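One structure, as structure tokens, below. Some questions next.
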Amino acid sequence: MATSELVQRIRELQDLLQRASVAYYALDAPFMEDGVYDRLYRELLDLEARHPDLVTPDSPTQRVGEKPVEKFESVRHRIPLFSLDNAFNGEELQDWEAKLLRVLGLNSDQNTLEYVCELKIDGSALALTYADGIFTRGVTRGDGQAGEEITQNVRTIRSVPLRLSAENPPPVLEIRGEVYLADAEFERINREREAAGDPPFANPRNCAAGTLRQLDSRIVADRKLSFFAYTVHFPEGWQGGDLPKTQWEALELLRSLGFAVNPNRKLCTSLAEVQAYFDEWDDRRRPLPYQTDGVVVKVNSFAVQQESGFTQKAPRWAIALKYPAEEMPTRILNIQASVGRTGAITPVAELEPVQLAGTTVSRASLHNADRLNALDVHIGDTAIVRKAGEIIPEIVSVLAELRLQGAERYHLPSHCPECETEVVRPAGEAITRCPNPVCPARVRGQIEHWASRNALDIEGLGQSLVEQLTRTGLVKSVADLYRLQVEDLVGLERMGQKSSRNLVEAIAKSKQQPWHRLLYGLGIPLVGTVNAKTLTQHFSDAAKLQQATPDGIAAIYGMGQEIGQAIATWMADPAHQELLSQLRELGLQLSAVESEASTLPAVFVGKTFVITGTLPGRSRPQMKEWIELRGGKVTGSVSQKTDYVVVGADAGSKLAKAEQLGVTTLDEAGVEELAAVLAR
Ligand code: IVH
């Protein structure tokens, strides 16, 4: 490629990737598969590595710093970061409004105030500076007057744009908002910490705050923080366009600049509406994938905000209406060790039932042996239980002062409560396991997982049936499910002719489920639904995944060493290899099915390809046909007119020629991803 084309390609890639990020994080309307993002990202990395002079700080590749910082600098906020006053009920909310009206010199019958209700995100406040539209500085709240400069860490947060989507940005713009950690990410981090023997974080907020203060931004990048923007400060006297006059307009503006803004907000014209919104969201917030602890109510008009001003620590024009705490004391009646599908033994407390976060809680996790020790749990103790949103209830502390005399300290059993095999706890790991691969509890767990909604989704195959099928020896592995006959089932509890036939049919139907669901259903450690999808985009067949090296898997965007290792270890087990080959024989989908030729989008029209070397998945004629079906042209030699060279193993002179002419080279997966991205 000539230099000018190269510069253009780099800019194009930077732009496309930035737009993809905004679409994904700010607009919640992704238009690019993770795998494609990864591919284009690597192309950009590669081009930038060869032309370091073309790397700019706002390039999507510049999110993770090379080396840790020694310490954070303290910097003063240009505008102090105020906190909010709290109201815990309707009465306190009304008191707040009454005081506000007094300050504004209004009678209640002159009250035409509008309020914006926003969900209060339970994270850490953050101030971001953009100079001429480019992200230059991120500072924590600190004491409100001065905070710590954590720019390098903030750069790793993908919902923080490195460049604003604005034609004419002001010389400085300050954006404020909340950094938070999604529940699923928090749980993943804690699982990994526990597996590594590190103490878990108490809640997503602590984890987010701790992560922001990590000196090594590579660790921060690994824990996927998120950001919702809620405030924008223009420089005084800025004349470069229409400035927002209300909080509502400010939120819209933030969105158009490329920030993620929480979509759950409402413009209210009375406190009654505010109260209704607060009540409505007490339930609705629970399924949200992050933690919220209230509703922030703000006067909409900036002119009125200006007029009402601030108290010592908080604006008069805003208040946090908080939901009640979700912790309660209750008694631990008993503790049982439960065995999961991976053999992990988890102590579970049986509690005197208690109302918490809108549900009755009667069980709570005690996680592992270290946690038991740290909490010093005795049977009969009074404990503080917490339920936060969708997170499984857990015990946060016990009140030792209330312990009954003679109460016994609880220890994890030395033998599996299911199969009596001696349990193991490898050095350095937090989890105690039953090592017996055919432990009935593990087998039951695997089958339940296989049948679950996000996996093979087998209707009618619930816990009690799985228990019967395994106890009677009818099913010893998920493959056995596909060998069940109606007559095997008739006679099991609550199973007549009809329900047995339905189950056999539901199991047979699950053979059509796509490869990514099956991969998830296998229950490989660290392979959840999202990772399973990413993996199947790169490995269109189980055989390819079986051959992949840990490094090869780790290199895929979003994967990493641990996942690479976990998959390779799982695949190396002969029992698992046997299971995969049985599933294949039984007719399950262990590879991605290609769509019908007639419906293929003509994405390669006008593009010329050359294929060279041995490809992993297709012969050269197959690849040629694959490209031609999508409208592309395949020729035999590389020239200036060639758009892409598809390169396999042992490629020779054609690859050299492509490099000499600067023609883009792709491997087989790269062509597939290119087709996918062009199809949008
Ligand atoms: S406005 C002067 N809006 O809650 C305006 N804060 O308890 C102050 N918070 O320090 C902030 N969601 O960290 C605002 N939608 C939201 C918020 C929000 C969460 C946090 C923020 C603030 C704390 C006050």
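First listed ligand is number 1; within each ligand, the first listed atom is number 1. FYI, side chains are in, hydrogens and waters are out, and symmetry mates aren't considered; it's all heavy atoms of this structure. None of the values given here were measured: they were computed from a predicted structure.
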Subject >> Ligand-side contact atoms (ligand 1) for residue partner Leu119, heavy atom cut-off under 4.0 Å >> reply: 12 (N), 15 (N)
**OP:** Go through ligand 1 atom by atom and flag the ones less than 4.0 Å from a non-hydrogen atom of Lys298.
**Re:** 1 (S), 3 (N), 14 (C), 16 (C)
**OP:** Specify the protein heavy atom at minimum distance from atom 5 (C) of ligand 1: its residue, its atom name, and the distance to 0.1 Å.
**Re:** Leu84 CD2, 4.1 Å
**OP:** Walk me through it: do Glu185 and Arg188 pass the test salt bridge (Lys or Arg N to Asp or Glu O under 4.0 Å)?
**Re:** CA-CA 5 Å; Glu185 186 60 11; Arg188 178 191 71 86; 2.7 Å; yes
Original post:
What are the atoms of ligand 1, with element, lying closer than 4.0 Å to any heavy atom of Glu178?
Top reply: 9 (N), 13 (O), 19 (C), 20 (C), 21 (C)
Original post:
Strictly by modelled atom types, are Gln18 and Asp58 linked by a side-chain donor-acceptor pair under 3.5 Å?
Top reply: no
**OP:** Mark the output for Pro315 as yes if a heavy-atom distance to ligand 1 is under 4.0 Å, and as no if none is.
**Re:** yes
Original post:
Will you find, in the side chains of Gln291 and Asn203, an N or O donor that is under 3.5 Å from an N or O acceptor?
Top reply: no
**OP:** Check whether the ring centres of Tyr290 and Phe228 lie less than 6.0 Å apart, and answer yes or no.
**Re:** yes
Original post:
Can you tell me the protein heavy atom closest to atom 22 (C) of ligand 1 and the distance?
Top reply: Tyr230 OH, 4.2 Å
Original post:
Does an N or O from Lys120, backbone or side chain, lie closer than 3.5 Å to an N or O of ligand 1?
Top reply: yes
Original post:
When the ring centroid of Tyr323 is compared with that of Phe278, is the distance short of 6.0 Å?
Top reply: yes
Subject >> Closest contact, heavy atoms only, Arg403 versus Asp376 >> reply: NH2-O, 3.0 Å
Original post:
In terms of residue, atom name and distance, what is the protein heavy atom nearest to atom 19 (C) of ligand 1?
Top reply: Ile121 O, 3.2 Å
**OP:** Give the atoms of ligand 1, by number and element, whose distance to some non-hydrogen atom of Ala125 is under 4.0 Å.
**Re:** 13 (O)
Subject >> Ring center gap for Tyr130 and Phe234 short of 6.0 angstrom >> reply: no
**OP:** State the atoms of ligand 1, each with its element, that fall below the 4.0 Å cut-off from a heavy-atom position in Glu118.
**Re:** 3 (N), 15 (N), 16 (C)
